Each structure stands twice: as structure tokens, then as C-alpha cells.
Amino acid sequence: MEHLRLLRRRPVLVLWLAQSLSVLGDRLYALAVMWVVYAATGSASLMGLVAVAESLPYIALGTVGRRLVSRFSSYRALAWVDGARAAVAVALPFLWSPDARGIALLLAGVLLLGTLGALFDPNLGALMPDLVEPERVQQITGLLDLTGRIARIAGPASIGLLLLFVSEVQLFALNGATFAVSAVALRWLARRYVTPAGGAAERPGGRARSSVPAGPVLREHPRVGLAIGLHGVALFCSAVTAIGMPALLATRYGAGAAMYGLVTAAVGVGALLGNPLASNRRSGGWLTVYCGAWALQGAATACMGLVLDLPALLLLALLTGIVTPATSVTLRAHLGAFAPAERLRLMSVDQTIIRAGGTAGMLVLPLLVDASQRGAFVAGGAMVTGTALGALLAASRLRRRDAALPALSTAGR
């Protein structure tokens with residue numbers, strides 16, 4: 001119901017529709033680029049190289065490019081970024097050829113799209129909370145999270161139908177069309193007065209926010225640093241399920257692609273069920289909810305390596321899906337409550353950490369999966385749960401320290 005109330009606001013509706021289409025296009029692009037590379041080369045290593053190439057700009061810009069990223073913190077600037085992404089995506093089918101030159105051009109396109117995405121994603125996340133009042137940041141964060149959840153289901157489901165009419169490489173052009181629609185929507189937002197959380201109207205298009213260093217902000221808010229660190233560890237370990245699930249199903253259960261699709265669907269359905277719970281959570285205790293959700297997800301992942309039948313595996317997949325929105329929505333909503341410049345920097349740091357963690361996981365954890373699928377699930381899940389509980393313990397010590405400081409100050413007087 002809260003989502004429907006938000007969608008009655010025209011700026012929110014325009015942004016949501018545009019990003020729903022854009023995220024769906026991203027899913028088509030992600031599937032298409034992997035399929036095109038494998039069909040042309042038969043190399044799983046090159047597929048991994050493409051995935052790494054897409055993440056490298058996020059890591060580089062998040063580490064050393066904070067001033068550049070902050071220059072794009074307005075709807076007008078993001079409209080130009082999406083226009084550039086549309087041009088690159090539409091050009092890829094015309095540049096593609098199934099040879100070394102075509103692969104090189106495709107990798108260059110992936111790097112360029114990754115760079116533009118690294119400029120776009122944290123800035124959109126930082127601008128979005130200004131569309132609503134502070135008490136509704138949790139709801140709008142959940143609404144945009146729901147967009148991604150739906151796209152993860154609709155993307156794979158629609159690709160088979162689309163391939164009846166277009167080739168795999170032409171899916172890039174479809175993705176370009178979704179970027180173009182998003183650019184038009186962002187340009188529309190740039191021309192309107194948007195009422196931010198404080199109630200005063202922004203100028204149309206907004207203004208790029210000043211860059212702030214991450215260190216002082218994280219030192220002032222150490223609990224946020226704990227949450228972001230946990231996010232990186234969790235994304236590192238997520239490579240276990242991404243790579244290990246097909247192998248686990250094949251070796252332990254003798255199952256194939258159909259069962260893998262069913263497990264993936266169970267995770268997606270769980271996420272759709274969990275999104276309203278995370279979006280409408282009462283304020284307060286955000287770190288406890290966040291760490292608790294990761295601890296539960298880690299425990300469920302570890303159990304996936306121990307269960308002996310498929311129904312139990314499907315229930316665990318459903319459970320991981322249900323708790324997933326409690327992780328993503330809780331953290332992003334908390335970051336959305338910061339002042340604009342700090343909000344942008346923290347979202348950029350979070351994005352850098354999870355991209356670095358995910359990339360490292362994809363490079364390292366396949367070795368563990370090859371050694372033992374069951375052991376990889378147990379080890380990965382235990383690592384996430386242990387890190388989440390450790391973050392909770394560290395946060396508890398920080399609270400005790402903060403509570404002791406006023407008492408010490410009073411005693412000193």
C-alpha cells in the first residue's frame with residue numbers, strides 16, 4: 001500500500017517507470033553479453049573476464065574518482081550519462097563480429113558501459129531520497145529495490161520470447177532503447193522543481209554536490225563502516241551460490257537446468273515476499289536488522305550444503321530470498337538519511353566495496369567449489385554469519401563506549 005501511495009507522486013512514478021525499464025534492459029544485457037562471448041569463443045575464462053571488466057570501473061572510480069563522480073550528481077547530468085549509455089549499447093551490434101577484433105570491441109564497450117554505470121548508480125541512489133520526506137526514505141528505497149527484484153525474474157523469463165524475434169547481439173540495442181527512455185525521464189525530472197526532504201524546492205536539474213572524503217565520515221559513523229564491510233564480505237561469498245549451485249544440483253541431486261531455474265525462481269519469489277516487510281519496517285535498530293538478516297542468510301546458505309533432498313533446498317532458497325531485501329533496503333535507506341554530500345560518498349564507497357568483493361569472489365571461490373561443492377556452501381555461509389555476528393558484537397562495544405564517554409566527561413569535571 002505504501003508503494004502505491006508513493007507512485008501517486010508524479011516525479012516518483014516517472015523515475016520508477018524509467019528505472020524499471022532500464023533495470024530490465026540491464027538484465028537482458030547481462031545475459032546477452034555472456035551468451036555472445038561463450039557462443040563465439042566457447043571459453044568460460046573469457047566470460048569471467050567480461051564480468052571482471054564490467055566491475056573494474058566501479059572499483060577504480062569508487063577508489064580514486066570521488067571528485068569525478070560528484071560532478072554528475074544532478075538529474076540533468078545523469079540524463080546525459082544515460083544518453084551516452086544508450087549510444088554505446090546501440091552501437092555494439094554494429095561493431096560486433098565473432099573474431100578477436102569483435103571480442104576486443106565488445107570488451108571495450110563493456111568497460112565503457114561499466115564506467116558510465118559507476119557514475120550513474122551512486123548518484124541516482126543519492127538523489128532519490130530527496131523526492132520524499134525523511135520518514136518515507138525507507139519506502140522509496142524499497143520501491144526501487146522491488147524494481148530490481150522484478151527485473152531479475154522478468155529478464156530471464158522474457159529473453160526466450162525475445163530471441164524468437166531478434167538475435168542475441170541485438171539485445172544490446174534493446175538495452176540501449178531502455179537507456180534512452182531513462183534519459184528522457186531524467187531530463188523531465190531535471191526541468192521540474194523537486195521538493196527535497198527538507199521541504200525547500202531545488203532548482204530544476206539540481207546541482208552537483210561537493211565531494212567529501214570517506215575517511216572522516218566513516219570515522220564519525222563507525223557502524224556504517226561495519227555495515228559496508230559486512231556487505232563486501234557477503235558479496236564476496238555470494239560467488240559460492242552463483243557458481244556452486246549448478247554444480248551442487250548436478251553432482252548431489254543429478255538435476256539439470258530446469259531445477260536450477262526452479263531454485264532461482266524460489267529466491268526471486270522470496271525476495272518479492274520480503275520486500276514489503278523490509279520497506280515498511282519501523283525505524284530504529286537498523287544495524288541489528290541488517291546484521292541479523294545477513295546472519296540468517298549465511299546460515300541458510302551453509303545449510304544448502306548439508307541438506308539431503310530438493311524440497312529442503314528449495315525452502316532454503318525461498319528463505320534466502322525473503323531476508324535479502326532486509327539487507328539491501330535497510331542499508332540504503334540508512335545511507336539515504338545522511339546529508340547529500342555524505343550520502344553520495346557513502347553510497348559510492350558501498351558500491352566500490354561490494355564490486356571489489358564480488359569480483360574477488362568470482363576469481364577465488366570457484367577453486368573452492370571445484371574442490372567441494374558442499375564444503376564451499378558451508379564455508380561461505382559460515383563466513384557471512386560469523387562476520388555478521390562479529391559486526392553486531394563490535395557495534396555493541398561501540399554503544400557501550402559511547403555511553404561511557406559522557407559519564408567520564410562528567411566525572412572529570
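What you are looking at is a predicted structure, and each value in this text was computed from that prediction instead of being measured.
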Margin query: Less than 4.5 Å apart, side chain to side chain, heavy atoms only: is that true for Arg9 and Arg136?
Written below: yes

Notebook entry, point to check: Short question: side chain of Thr352, backbone of Ile59 - any donor-acceptor pair under 3.5 Å?
Noted result: no

Next item on the list: Grab the two heavy atoms, one from Cys291 and one from Ala388, that are nearest each other, plus how far apart they are.
Entry: O-CB, 3.4 Å

Checklist line | Residues which pass ring-ring contact (aromatic ring centres under 6.0 Å, His included) with Phe338, listed by chain and number, not counting sequence neighbours | finding: His221, His334

Notebook entry, point to check: Which heavy atom of Leu335 sits nearest a heavy atom of Arg343, and at what distance?
Noted result: O-CG, 3.3 Å

Next item on the list: For side-chain contact (heavy atoms from CB on, under 4.5 Å), just list the numbers for His231 and Gln351, CA-CA rounded to whole Å, side-chain angles, deciding distance to a tenth of an Å, and then say yes or no.
Entry: CA-CA 9 Å; His231 204 182; Gln351 182 173 256; over 6 Å; no

Output side-chain donor-acceptor pairs under 3.5 Å for residues 269-277, partner residues at least two apart or in another chain, one line each.
| residue | atom | partner | partner atom | Å |
| --- | --- | --- | --- | --- |
| Asn275 | OD1 | His3 | NE2 | 3.1 |
| Asn275 | OD1 | Ser279 | OG | 3.3 |
| Asn275 | ND2 | Gly142 | O | 3.0 |
| Asn275 | ND2 | Asp145 | OD2 | 3.0 |

Next item on the list: Could you tell me whether a side-chain N or O of Ser70 sits under 3.5 Å from a main-chain N or O of Arg67, the two making a donor and an acceptor?
Entry: yes

Notebook entry, point to check: Around Trp188, counting heavy atoms of other residues, nucleotides and ligands shown, do more than 12 lie under 6.0 Å from its CH2?
Noted result: yes

Item checked: Gap separating the CG atom of Asp121 from the CG atom of Asp350, nearest 0.5 angstrom -> 11.5 Å

Note to self: Does any part of the side chain of Leu262, heavy atoms only, come nearer than 4.5 Å to the side chain of Leu310, both counted from C-beta?
What the structure shows: no

Note to self: Can you confirm if the NZ or CZ of Arg85 lies within 45° of the ring axis of Phe120 and under 6.0 Å from the centre of its six-membered ring?
What the structure shows: yes

Item checked: Polar side chain donor-acceptor pair, Tyr253 to Asp309, under 3.5 angstrom -> no

Checklist line | Nearest-0.5 Å distance that lies between atom CG in Leu143 and atom OG in Ser20 | finding: 7.5 Å

Check: Do you know the tightest heavy-atom contact between Val69 and Asn123?
Finding: O-ND2, 2.9 Å

Check: Under a 4.5 Å cut-off applied to non-hydrogen side-chain atoms, are Val267 and Leu318 in contact?
Finding: no

Check: Hey, what do you get for CG (Leu56) to OG1 (Thr359), rounding to the nearest 0.5 Å?
Finding: 6.5 Å

Margin query: When you compare the side chains of Tyr290 and Trp294, does any donor N or O come within less than 3.5 Å of an acceptor on the partner?
Written below: yes

Note to self: Can a donor-acceptor pair be found, under 3.5 Å and without considering hydrogens, that links the side chain of Thr301 to the backbone of Gln297?
What the structure shows: yes

Notebook entry, point to check: Do Pro129 and Ile140 come close enough that some side-chain heavy atom pair is under 4.5 Å?
Noted result: no

Checklist line | Pairwise distance CG(Leu144) to CG(Leu6) - rounded to 0.5 angstrom | finding: 10.0 Å

Item checked: Minimum heavy-atom distance Thr385-Ala299, with the two atoms named -> OG1-N, 3.0 Å

Next item on the list: Taking the side chain as every heavy atom from C-beta outward, state whether Thr320 and Met304 have any atom pair closer than 4.5 Å.
Entry: yes

Check: Does a side-chain N-to-carboxylate-O contact under 4.0 Å join Glu133 and Arg5?
Finding: no

Notebook entry, point to check: How far does CG of Leu248 sit from OG1 of Thr241, to the nearest 0.5 angstrom?
Noted result: 11.0 Å

Notebook entry, point to check: For the residue pair Leu113 and Ala89, what are the closest heavy atoms and their distance?
Noted result: CD2-N, 4.5 Å

Notebook entry, point to check: Among all residues two or more places apart in sequence or in another chain, which pass the side-chain contact (heavy atoms from CB on, under 4.5 Å) test with Thr251?
Noted result: Gln373

Next item on the list: Taking the side chain as every heavy atom from C-beta outward, state whether Ile243 and Leu365 have any pair of such atoms under 4.5 Å apart.
Entry: no

Next item on the list: Could you tell me whether the side chain of Thr330 reaches within less than 4.5 Å of the side chain of Leu287, counting heavy atoms only?
Entry: no

Note to self: Between Arg332 and Val137, does the side-chain contact (heavy atoms from CB on, under 4.5 Å) criterion hold? Intermediate values first, please.
What the structure shows: CA-CA 9 Å; Arg332 292 188 69 83; Val137 170; over 6 Å; no

Item checked: CG-CZ distance between Leu13 and Arg8, expressed to the nearest 0.5 angstrom -> 12.0 Å

Notebook entry, point to check: Ignoring hydrogens and geometry, is there a side-chain-to-backbone donor-acceptor pair from Thr387 to Met383 under 3.5 Å?
Noted result: yes

Check: Taking only residues two or more places apart in sequence, or in another chain, which ones meet Gln138 in a side chain to side chain donor-acceptor pair (under 3.5 Å)?
Finding: none

Note to self: If I compare all heavy atoms of Gly176 with all of Ala86, which pair ends up nearest, and what's the gap?
What the structure shows: O-CB, 3.2 Å

Margin query: Determine whether Leu124 and Gln19 satisfy the following criterion, side-chain contact (heavy atoms from CB on, under 4.5 Å), listing intermediate values before the conclusion.
Written below: CA-CA 10 Å; Leu124 181 64; Gln19 291 310 301; 3.5 Å; yes

Check: Quick one: side-chain contact (heavy atoms from CB on, under 4.5 Å) partners of Ser238, sequence neighbours excluded?
Finding: Leu235

Next item on the list: Begin with the C-alpha distance, continue with both residues' side-chain angles, and end with the deciding distance and a verdict on side-chain contact (heavy atoms from CB on, under 4.5 Å) for Trp286 and Arg223.
Entry: CA-CA 10 Å; Trp286 73 274; Arg223 294 173 186 80; 4.3 Å; yes

Note to self: Please determine whether a side-chain nitrogen of the Lys or Arg among Glu342 and Arg345 lies less than 4.0 Å from a carboxylate oxygen of the Asp or Glu.
What the structure shows: no

Next item on the list: With the side chain counted from C-beta on, respond yes when Leu313 and Leu249 share a heavy-atom pair under 4.5 Å apart, and no when they do not.
Entry: yes

Notebook entry, point to check: Going by atom types only, do Arg400 and Ser396 share a side-chain donor-acceptor pair under 3.5 Å?
Noted result: yes

Notebook entry, point to check: Can you name the side-chain contact (heavy atoms from CB on, under 4.5 Å) partners of Leu68, sequence neighbours left out?
Noted result: Leu61, Phe72, Leu119

